[in-house]
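All of these numbers come straight from a predicted model, not from anything done at the bench. Residue numbers start at 1 and run along the sequence shown.
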Amino acid sequence: MHFNEILRNLIEDRDLTQKQVAKDLGVAPSTLGGYVQGTSEPDYETLISIAKYFDVSIDYILGNSAIKQKGDII
């Protein structure tokens, strides 16, 4: 899975709106929309903020691991 698909799933799984997530992260809704659509990617600091917001690892959000958090067993 790609970053944009993982991000979309995280948003949907938590019954959040993109507008709410954008507000909480301090980014424009259009910026978050670009991440979800896969037309843009966040910078390093924003990526960290997104991972913290959803309480997942950077590896998970980048699609490098199926384990959401350290210690999770799948």
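Within the model, atoms CD of Gln18 and CD of Gln37 stand 7.5 Å from one another, a figure rounded to the nearest 0.5 Å. To the nearest 0.5 angstrom, Met1 atom CE is 13.0 Å from Asn64 atom CG. For the atom pair Ile6 CD1 and Ile50 CD1, the distance stands at 11.5 Å (nearest 0.5 Å). To the nearest 0.5 angstrom, Leu16 atom CG is 4.5 Å from Tyr53 atom OH. Distance check, rounded to the nearest 0.5 Å: OG1 of Thr17 to NZ of Lys23 gives 10.0 Å. Summarising the geometry, atom NZ belonging to Lys52 is positioned 11.5 Å from atom CG belonging to Leu47; distances are rounded to the nearest 0.5 Å.
Summarising the geometry of Arg14 relative to Phe54, their closest heavy-atom pair is NH2-O, 3.1 Å, with the distance given to 0.1 Å. The shortest heavy-atom contact between Ala51 and Ile58 is CB-CD1, 3.7 Å. Closest heavy-atom contact between His2 and Glu5: N-OE1, 2.8 Å. Closest approach of Ile61 and Phe3 over heavy atoms only: O-CD1, 3.3 Å.
Side chains of Tyr60 and Leu10 form a contact here, defined as non-hydrogen atoms less than 4.5 Å apart.
Applying the side chain to side chain donor-acceptor pair (under 3.5 Å) criterion to Asp13, with sequence neighbours excluded, gives no partner residue. For Asp43, the side chain to side chain donor-acceptor pair (under 3.5 Å) test picks out Thr46, with sequence neighbours left out. Residues passing the side chain to side chain donor-acceptor pair (under 3.5 Å) test with Asp59, sequence neighbours excluded: none.
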